[in-house]
Amino acid sequence: MPELPEVEVMRRNIEAHVLHAGLRKVDVLDPRLTTSLPQNWENAVVNNELSETRRVGKYLFLFFGKTWLHLHFGMTGSIVFVPTNDHLPKYSRLALDFDNGLRMCFTDPRTFGKMDVVNRVESFLSTKKLGRDLLDATEDDAKKMFVNRKISAKAILLKQKEVAGIGNWLADEALFRQKIHPATPGGSLSERKAQHLLDEAKRIAVEAIDADTHYGDFPDHFFVHHRKENNDCPCGMGKIEKVQLAGRSTYFCSTCQS
DNA sequence: CGATCTGTTAGTAG
DNA sequence: ACTACTAACAGATC
């Protein structure tokens with residue numbers, strides 16, 4: 001489910017299927033998705049071609065000539081392509097019909113996903129106060145986000161206002177690989193350690209994208225393969241423990257991570 | 001049946 | 001004004 005790597009893979013998949021295709025028809029299948037949109041918002045996108053896509057953190061933007069369609073996938077949102085007259089996939093909330101015979105469906109069983117139309121991506125990002133995308137994060141970002149902070153390193157990694165795109169499994173993965181206990185207060189990490197941590201998160205994101213975010217295809221060294229309570233840690237010395245941090249289940253090995 | 005889940009945000013308290 | 005924590009959103013899965 002959608003953290004930065006998953007959203008990036010969806011973005012690439014969308015480009016592969018419908019970049020420069022014309023949008024012919026919009027079907028809103030779950031009206032809750034569009035309650036806060038302007039009246040007749042469809043007119044701003046229909047009969048235009050999808051000319052550009054962007055992703056910042058977990059947010060996806062599709063440009064239809066006049067305006068951007070913004071999608072956020074929540075916990076269970078996804079994009080599925082089917083032939084235009086095929087059955088809709090289960091949990092479809094929105095369907096976009098393109099003139100190349102493909103229908104792009106936004107599926108979302110838990111319905112935490114969101115959609116909006118925006119004129120400028122930059123103003124959307126500043127309203128949200130979203131941090132820089134993880135893949136573009138700098139050493140300076142790493143220094144600033146952890147320094148003088150009392151909250152846990154895990155909580156800081158999850159803050160989209162610091163760096164955008166890290167979710168629960170990616171945060172656990174980076175902390176495990178850098179041997180940092182997830183509850184470590186951000187401010188007690190050295191500048192160097194903070195930079196290594198953010199750099200690790202970036203590398204993980206790239207590796208996950210390269211594997212098309214199919215977890216089974218992730219390299220063996222990925223912590224995600226062991227990320228379950230009471231599993232043996234690959235270090236051979238400890239068991240994986242589970243705690244709640246920042247309201248999220250957090251898995252780690254207290255032997256490796258201190 | 002009850003607990004859990006890879007996200008965000010309104011509300012609350014400090 | 002900012003920081004940090006919680007509940008809520010909803011349904012499949014174990």
Side-chain angles (χ1 to χ4, degrees), chain A residues 1-11 29-36 55-60 70-80 89-93 106-116 118 124-125 127-131 133-134 144-177 182-187 201 204-209 211-218 222-231 240-252:
Chain A
M1 289 13 27
E3 300 186 20
L4 182 152
E6 289 87 346
V7 179
E8 175 61 16
V9 168
M10 284 191 235
R11 188 190 70 79
L29 307 156
D30 180 351
R32 290 172 297 178
L33 202 54
T34 53
T35 45
S36 63
R55 180 199 53 75
V56 179
K58 305 168 191 174
Y59 294 82
L60 182 64
H70 141 239
L71 294 174
H72 190 281
F73 296 97
M75 294 276 260
T76 56
S78 192
I79 295 292
V80 179
K90 215 174 175 187
Y91 308 114
S92 291
R93 305 182 67 197
F106 176 30
T107 63
D108 186 12
R110 285 176 72 180
T111 70
F112 292 175
K114 295 274 193 302
M115 184 178 78
D116 206 349
V118 294
F124 175 89
L125 299 178
T127 305
K128 280 263 188 288
K129 298 191 166 68
L130 210 60
D133 187 79
L134 172 64
K144 278 196 218 138
M145 66 195 281
F146 293 101
V147 72
N148 285 342
R149 296 270 233 148
K150 292 190 179 70
I151 60 169
S152 64
K154 165 99 182 212
I156 295 172
L157 286 174
L158 291 176
K159 282 191 181 295
Q160 306 301 301
K161 288 176 180 161
E162 301 296 337
V163 158
I166 301 175
N168 207 17
W169 75 257
L170 188 27
D172 282 0
E173 184 82 36
L175 289 162
F176 177 81
R177 292 201 202 173
T184 310
I204 294 162
V206 171
E207 286 180 290
I209 292 166
D212 275 338
T213 60
H214 296 139
Y215 290 12
D217 296 342
F218 286 177
F222 265 65
F223 177 62
V224 75
H225 298 307
H226 313 278
R227 192 174 167 274
K228 189 160 179 269
E229 195 171 12
N230 290 325
N231 271 6
I240 303 304
E241 299 169 39
K242 183 174 102 163
V243 294
Q244 289 290 120
L245 275 178
R248 319 305 308 278
S249 289
T250 299
Y251 299 85
F252 70 105

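Letters A, B, ... are given to chains in the order of the sequence lines, protein chains preceding strands, and every chain is numbered from 1.
- Formation of a donor-acceptor pair under 3.5 Å by the A/Asn231 side chain with backbone atoms of A/Ile240 is not found in this model.
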(message) Set out, in order, the CA-CA distance, both residues' side-chain angles and the distance that settles salt bridge (charged side-chain N to carboxylate O under 4.0 Å, His left out) for A/Glu3 and A/Arg55, then state yes or no.
(response) CA-CA 11 Å; A/Glu3 300 186 20; A/Arg55 180 199 53 75; over 6 Å; no
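- Here A/Lys228 does not pair with A/Glu241 in a salt bridge; the nearest charged N to carboxylate O distance is not below 4.0 Å.
- B/dT6 atom C1' lies 16 Å from atom CG of A/Leu245, rounded to whole Å.
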List, with names and distances, any nitrogen or oxygen atoms from the protein found under 3.5 Å away from nitrogen or oxygen atoms belonging to nucleotides 8-14 of chain B.
{"residue": "B/dT8", "atom": "OP1", "partner": "A/His72", "partner atom": "NE2", "Å": "2.8"}
{"residue": "B/dT8", "atom": "OP2", "partner": "A/Lys58", "partner atom": "NZ", "Å": "3.0"}
{"residue": "B/dT9", "atom": "OP1", "partner": "A/Lys128", "partner atom": "NZ", "Å": "3.2"}

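- No donor-acceptor pair closer than 3.5 Å links the side chain of A/Asn148 to the backbone N or O of A/Gly187.
- Under the 3.5 Å distance criterion, the side-chain polar atoms of A/His214 are left unmatched by any main-chain donor or acceptor of A/Gly216.
- Counting heavy atoms from C-beta on, the side chains of A/Ser249 and A/Lys242 come closer than 4.5 Å.
- Between the P atom of B/dT6 and the CE atom of A/Met75 lies a distance of 6 Å, rounded to the nearest Å.
- Legend: side-chain hydrogen bond (donor to acceptor under 3.5 Å, both in side chains) pairs involving residues 154-165 of chain A, not counting sequence neighbours, sorted by first then second residue: A/Arg149-A/Glu162, A/Lys154-A/Asn168, A/Lys154-A/Asp172, A/Lys154-A/Thr250.
- If you measure from atom CG of A/Asp172 to atom P of B/dT6, you get 8 Å, rounded to the nearest angstrom.
- Here A/Phe112 counts as stacked on B/dG7: its ring centre is under 5.5 angstrom from the base ring centre and the planes meet at under 30°.
- Shortest non-hydrogen contact noted between A/Gly113 and A/Leu33 is O-CD1, 4.0 Å.
- The CG-P distance, from A/Leu157 to B/dT6, rounds to 15 Å in whole Å.
- For A/His70, the ring pair (Phe, Tyr, Trp, His ring centres under 6.0 Å) criterion is met by A/Tyr59, A/Phe61, A/Phe124, not counting sequence neighbours.
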Under-3.5 Å N/O pairs linking protein and nucleotides 11-14 of chain C:
{"residue": "C/dA12", "atom": "OP1", "partner": "A/Tyr91", "partner atom": "OH", "Å": "2.8"}

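- In this structure, A/Tyr251 does not reach the B/dT6 phosphate: none of its side-chain N or O atoms is under 4.0 Å from OP1 or OP2.
- Residue A/Val7 is tested with A/Thr213, A/Leu60, A/Ile79 for a side-chain contact (heavy atoms from CB on, under 4.5 Å); the sole match is A/Leu60.
- With a 6.0 Å cutoff to the six-membered ring centre and a 45° limit on the axis angle, A/Arg177 counts as a cation-pi contact of A/Phe222.
- Regarding A/Glu3, its CD atom lies at a distance of 4 Å from the C1' atom of B/dT6, rounded to whole Å.
- For A/Tyr215 and A/Trp169, the gap between ring centers is short of 6.0 Å.
- Close placement of the A/Phe73 and A/Phe106 rings is indicated, their centers lying within 6.0 Å of each other.
- Only the P atoms considered, C/dC14 is 15 Å distant from B/dT6, to the nearest whole Å.
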(request) Quick one: the dot-bracket string of DNA chain B, using Watson-Crick and G-U wobble pairs with both distances under 3.5 Å, [ ] for crossing pairs and | for bases paired to another strand. (result) .||||.||||||||
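- Going from atom NZ of A/Lys161 over to atom P of C/dA1 covers 13 Å, rounded to whole Å.
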At a cut-off of 3.5 Å, list every protein nitrogen or oxygen paired with a nitrogen or oxygen from nucleotides 2-4 of chain C, distance to 0.1 Å.
{"residue": "C/dA4", "atom": "OP2", "partner": "A/Arg149", "partner atom": "NH1", "Å": "3.0"}

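- Regarding A/Asn168, its CG atom lies at a distance of 6 Å from the C1' atom of B/dT6, rounded to whole Å.
- The line from CD1 of A/Ile209 to CZ of A/Arg11 is 9.0 Å long, rounded to the nearest 0.5 Å.
- If you check every strand for non-hydrogen atoms under 4.0 Å, A/Gly247 touches nothing.
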